[in-house]
Each structure stands twice: as C-alpha cells, then as structure tokens.
Amino acid sequence: MRNKRKIIAAICLAATMLCSSVAGCAGGGTKSQEDILKEMKEFSTPDKSASIYLNKDWEIQDLGLEDAGIDYWFCAADESEDEIVVLMQYPKNSVIIPVSGMDDVKEMVEMSYGFTSDGKDVEAPEVPGMTKIEAYTGKVEVDGSSAKAYLVYGETDYAYYAILYGANSMSDDVIAAAKASCSKFKETAPEEDDNTTVELTDTVRWFNASYAVLTELNGWDYNRFAGLPANADSMELEQDALDDWWGVTDRASADETLDWILTEGHRADFADNMGYLQENGIQDVAAEARADFVMDYFYVDEDEAQAMADAYAYYEQYGPNAIDGWDYCRAMNLLSFYYLAGYYNEQEALDKSLEIAQTMQPLFASWDDLMDSYLRGYEYWAEESSDERRTVYEDLKTRDDNPYAVDYNMTLEKTW
C-alpha cells in the first residue's frame with residue numbers, strides 16, 4: 001500500500017501553495033466566454049485522464065503528488081501566481097484515496113483547504129460529461145493564510161471531481177474565467193486493469209450482498225466480485241490491510257484465520273461470556289444495574305461493561321446464536337480480500353464462498369434477519385453503536401442497484 005502519510009502531506013502542500021501563492025487578480029470588464037477561451041489552452045493531469053482550459057501563459061506547479069501514486073491531479077498558476085487552480089480527481093473504487101461518495105470528497109477538500117462557503121447562491125457552471133454539479137464561493141485558509149475561492153464539484157461515471165479556483169479577490173472576471181475553464185473539461189478514463197473473469201450472476205450477487213455494507217463504507221463497488229478490480233494495486237492494498245487487521249500474511253495464515261472464524265469466531269466468545277453472566281444471575285438484575293454487575297465479574301471499564309450488558313440483552317432475546325451473522329458475513333468478506341490479495345485464486349474464492357453461503361443461508365430467514373445478526377455482532381465486537389452501518393444498509397435497499405434485491409432464499413449454485 002502506498003504511504004498514506006505521504007499522500008496527506010502532498011495534499012497539504014497543494015493547499016499551502018494555494019493560500020501562499022495567491023496575491024491578487026486581474027481587473028477590468030468581464031469578457032465573453034468566447035473571448036476568454038481565445039486566451040486559453042488545455043492543461044491536463046499527468047496521466048492525461050482529465051483536462052480543463054486555463055490561460056495559455058499559466059504553468060503547471062510541481063506538488064510532488066506523483067511520488068504518492070496520484071497522477072490524476074494538477075495545480076496551475078499564472079506567471080505572477082496571482083491566481084491558481086487545483087483540479088482534484090477522485091477515481092471511484094480507488095485504492096489510493098478511497099471515497100464512498102461526494103460527501104467524502106467534500107469533507108476531504110474542506111479539511112485540507114479549510115474551505116468555508118460564504119453562503120451565497122452560486123450558479124453552477126456547465127461541465128461537459130459531469131453530473132450533479134455544484135458550485136460555491138467562499139474562502140480557503142491554510143496555516144494562517146487565506147484566499148478567496150470558487151469551488152466546483154461534479155462527478156462522472158469514472159470519478160468524482162473538485163476544481164478549486166483561488167484568487168485574492170473573487171471578482172466577476174475570475175468566476176467568468178472559471179466557468180470558461182469548466183466548459184472545456186474533458187475526461188479520458190484510463191482502461192481498467194482487472195483480472196477478474198467471473199460474471200455477476202445472482203449467486204455472485206448474493207455473495208456480494210453478504211458484505212455490501214462494508215464494501216460501501218470502503219467506497220468500493222458492490223456490483224463487482226470482491227468490490228475492486230483484481231490487479232497489482234488492490235493486491236498490495238489488501239495484503240497490507242489483511243496484515244494490519246487480521247495478521248494474515250500468506251495462504252497458511254489465511255486458511256487458519258478463515259477456519260477460526262468458521263469454527264469459533266466472535267460468536268463462541270459471545271456465547272461463553274453471556275452464558276457465564278447468566279450462570280451468575282445477571283438475568284435477575286435490573287437493566288440499569290447490569291453494567292455494574294458485569295464489572296464485578298470482568299476486568300473492564302464502564303463503557304466496556306455497558307457494552308457487555310447491552311450484549312446480554314441480545315442474548316436474552318435471541319439466544320447464544322444472536323451474533324452468528326457477524327462471523328458468517330465476515331467470512332464471506334475475508335474470501336473476497338484473500339482473492340484480491342492473491343492468497344486464493346478466483347476459482348478457490350468462489351468455491352469456498354459458495355460452501356459458506358450454503359451453510360449460512362438456512363440459518364436466517366431473510367436479508368433483514370441476517371443483517372440484524374451481523375449488526376448485533378458488530379456492536380459486540382466494536383463495543384459501539386451499529387447505527388452508521390444500519391443507515392448504510394437501509395440506504396442500499398433504496399437504490400436502483402440495490403444489492404439486496406437478489407432473493408435471499410434463492411437456490412445458490414455454481415455459475416462460474
């Protein structure tokens with residue numbers, strides 16, 4: 001995985017340059033867009049995947065982003081650095097800067113550049129090929145320096161975009177030039193390197209749905225087996241992630257971890273702990289006093305004790321199998337990670353996914369039933385609310401490409 005700290009530092013460098021470089025902007029009457037474009041030429045990202053028009057006398061600024069694996073951004077300024085533009089492309093399903101939607105992009109831009117809107121209604125420019133275009137005026141502030149800004153957001157099938165135009169004064173001239181610049185936007189999406197061959201049959205959709213909540217939280221594609229294209233970048237990403245989160249570093253440790261989650265997982269620990277509390281009489285204790293009861297039997301702090309008391313309420317209602325869905329969904333998800341990491345080949349990952357899916361399917365009545373169990377398990381493991389994941393699940397069910405539209409009780413069979 002590429003160094004995230006280096007990426008963040010490079011992003012901050014772009015923000016610092018924006019604020020420290022802008023000193024003023026040209027005055028004069030606003031020209032027509034046609035006249036403005038006569039003074040412009042095309043400026044492209046290093047990988048040539050996106051371009052806009054800017055004044056022909058402007059120059060590209062070196063931000064050091066390519067060393068961080070980001071060759072789809074650029075920053076340009078006029079010769080005196082009176083005005084500056086940063087084009088930020090966020091490819092969907094990127095393993096370098098993963099985003100799950102435009103809200104993530106806005107959050108990163110606002111955090112990196114200290115952007116605050118002035119609250120005025122701003123007409124969005126026309127940007128060829130983009131949808132959901134929004135525009136804002138306001139200011140950016142980094143390390144005590146500030147500049148006026150005109151910020152445009154939009155998305156294509158390939159990526160999300162943020163285009164930031166900065167100047168000391170956000171005059172009509174600057175905004176007119178920004179709109180002219182946007183009018184010549186062009187995207188040439190690179191061909192995707194993907195070694196996945198399996199077709200998205202209903203059985204594969206069922207696999208994907210079992211872990212679609214986390215796929216969505218990662219900003220990946222739940223309509224693709226494993227969520228990402230299988231290539232060198234995703235292999236590096238998942239090898240690092242599996243090592244960090246699971247201690248999995250090779251095929252042997254992958255098999256060992258999968259065997260643990262299928263034979264024990266967190267559900268065994270849950271059943272043991274909750275059974276122990278019941279043996280000692282927690283069921284006879286008022287709900288508001290159960291956290292104190294837990295602290296008498298476990299070396300935990302107040303928050304952990306409350307989480308265990310809450311978990312016991314699930315045990316009372318659903319029994320020792322209350323969180324089984326958590327382990328089974330994670331097992332399915334692990335197989336997708338193993339595939340991307342190169343520890344399982346495609347055939348192995350699919351075959352094992354089918355075996356697990358056929359085991360777990362009869363244990364639950366519906367997607368809601370499975371996901372309720374999954375979310376209870378998340379709360380037990382994370383010792384925090386599952387509200388965010390619940391919101392993602394409910395949102396996914398409203399989408400046109402709802403991953404849970406596939407019949408939970410369908411006949412799961414080999415289709416690859």
Side-chain angles (χ1 to χ4, degrees), residues 98-108 110-111 160 208-223 227 241 244-246 261 265-267 269-271 273-274 277 282 286-295 298 300-334 336-337 360 363-406 408:
V99 293
S100 61
M102 186 58 77
D103 286 344
D104 283 357
V105 173
K106 291 178 179 179
E107 183 177 351
M108 282 191 279
E110 290 167 7
M111 178 182 66
Y160 302 102
N208 290 356
S210 69
Y211 51 87
V213 168
L214 186 59
T215 303
E216 175 68 11
L217 285 171
N218 284 336
W220 299 357
D221 185 359
Y222 48 78
N223 285 313
D244 289 344
W245 285 93
W246 293 89
I261 205 169
H266 291 115
R267 64 193 183 280
D269 181 70
F270 170 84
N273 285 336
M274 298 304 109
L277 289 173
I282 191 174
E288 61 272 15
R290 285 180 173 178
D292 290 335
F293 180 91
V294 171
M295 294 181 71
F298 291 90
V300 294
D301 61 27
E302 291 182 8
D303 290 340
E304 292 169 330
Q306 186 60 57
M308 290 191 71
D310 292 342
Y312 183 76
Y314 291 142
Y315 183 83
E316 279 189 306
Q317 184 172 357
Y318 301 102
N321 302 118
I323 69 166
D324 285 10
W326 167 249
D327 284 330
Y328 282 112
C329 288
R330 294 185 93 200
M332 296 290 288
N333 208 170
L334 267 179
S336 72
F337 294 156
M360 65 189 282
L363 303 178
F364 306 93
S366 63
W367 286 118
D368 282 350
D369 192 24
L370 171 62
M371 294 310 298
D372 285 344
S373 180
Y374 167 83
L375 293 171
R376 291 193 293 269
Y378 173 80
E379 291 184 2
Y380 179 73
W381 169 74
E383 297 179 348
E384 65 179 25
S385 170
S386 62
D387 286 353
E388 180 185 12
R389 295 189 181 214
R390 168 71 67 183
T391 298
V392 171
Y393 173 58
E394 296 298 337
D395 176 64
L396 288 174
K397 291 193 294 181
T398 68
R399 298 187 184 180
D400 292 340
D401 63 349
N402 170 19
Y404 300 101
V406 64
Y408 177 82

Worksheet entry | Step-by-step side-chain contact (heavy atoms from CB on, under 4.5 Å) determination, R390 to D372 | CA-CA 9 Å; R390 168 71 67 183; D372 285 344; 2.7 Å; yes

Practice prompt. Among W326, Y312, Y380, W381, find the residue that satisfies the side-chain contact (heavy atoms from CB on, under 4.5 Å) test when tested with F270.
Written response: Y380

Fill in: Full working for side-chain contact (heavy atoms from CB on, under 4.5 Å) between I282 and M274
CA-CA 9 Å; I282 191 174; M274 298 304 109; over 6 Å; no

Discussion item. Show the nearest heavy-atom pair for residues V99 and Y160, with the distance to one decimal.
Written reply: CG2-CD1, 3.7 Å

Practice prompt. List the atom of L396, the atom of P403, and the distance in Å for their closest heavy-atom pair.
Written response: O-CD, 3.9 Å

Worksheet entry | Close side-chain approach of Y314 and E379, heavy atoms under 4.5 Å | yes

Discussion item. Under the criterion side-chain hydrogen bond (donor to acceptor under 3.5 Å, both in side chains), I'd like the reasoning laid out for Y222 against D401: C-alpha separation, chi angles, the key distance, then a yes or no.
Written reply: CA-CA 9 Å; Y222 48 78; D401 63 349; 2.8 Å; yes

Discussion item. Could you tell me if the side chain of E383 sits less than 4.5 Å from the side chain of Q306, heavy atoms only?
Written reply: no

Worksheet item: Tell me, do Y393 and D368 make a side-chain contact under 4.5 Å, heavy atoms counted?
Response: yes

Worksheet item: Is the side chain of W220 donor-acceptor paired with the backbone N or O of P98 at a distance under 3.5 Å, no angle test?
Response: no

Item to complete: For T215 and N218, run side-chain hydrogen bond (donor to acceptor under 3.5 Å, both in side chains): C-alpha distance rounded to whole Å, both residues' side-chain angles, the deciding distance at 0.1 Å, then the answer.
Response: CA-CA 5 Å; T215 303; N218 284 336; over 6 Å; no

Practice prompt. Could you tell me whether a side-chain N or O of E304 sits under 3.5 Å from a main-chain N or O of D301, the two making a donor and an acceptor?
Written response: yes

Worksheet item: If you take all heavy atoms of V294 and A309, which pair is closest and at what distance?
Response: CG2-N, 4.2 Å

Item to complete: Enter the distance from F337:CZ to R330:CZ here, rounded to the nearest 0.5 Å.
Response: 9.0 Å

Discussion item. Just verifying a value: how many Å separate L334 CG and Y211 OH, rounded to the nearest 0.5 Å?
Written reply: 10.5 Å

Worksheet item: Tell me, do S386 and R376 make a side-chain contact under 4.5 Å, heavy atoms counted?
Response: no

Worksheet item: Which atom names give the shortest non-hydrogen contact between M332 and S210, and what distance separates them?
Response: CB-OG, 3.4 Å

Discussion item. Any heavy-atom pair between the side chains of D303 and E384 that's under 4.5 Å?
Written reply: no

Practice prompt. Flag yes if more than 12 heavy atoms outside E107 fall under 6.0 Å of its CD atom; otherwise flag no.
Written response: no

Discussion item. Between D327 (side chain only) and H266 (backbone N and O only), is there a donor and an acceptor less than 3.5 Å apart?
Written reply: yes

Discussion item. Is it true that, when you exclude E394 itself, more than 12 heavy atoms of the residues, nucleotides or ligands shown sit nearer than 6.0 Å to its CD?
Written reply: yes

Worksheet item: Are Y404 and M371 close enough that some pair of their side-chain heavy atoms sits under 4.5 Å apart?
Response: yes

Worksheet item: S100 and L217: which non-hydrogen atoms are nearest, and at how many Å?
Response: CB-O, 4.4 Å

Worksheet item: Cut-off 3.5 Å, side chains only: do S366 and D369 have a donor facing an acceptor?
Response: no

Response to the item:
Interatomic distance, CD1@I323 vs CG@L375, rounded to 0.5 Å, equals 12.0 Å

Fill in: R267 to Y328 six-membered ring, cation-pi geometry met (6.0 Å, 45°)
yes

Worksheet entry | Heavy-atom closest contact (S373 atom, D324 atom, distance) | OG-N, 3.3 Å

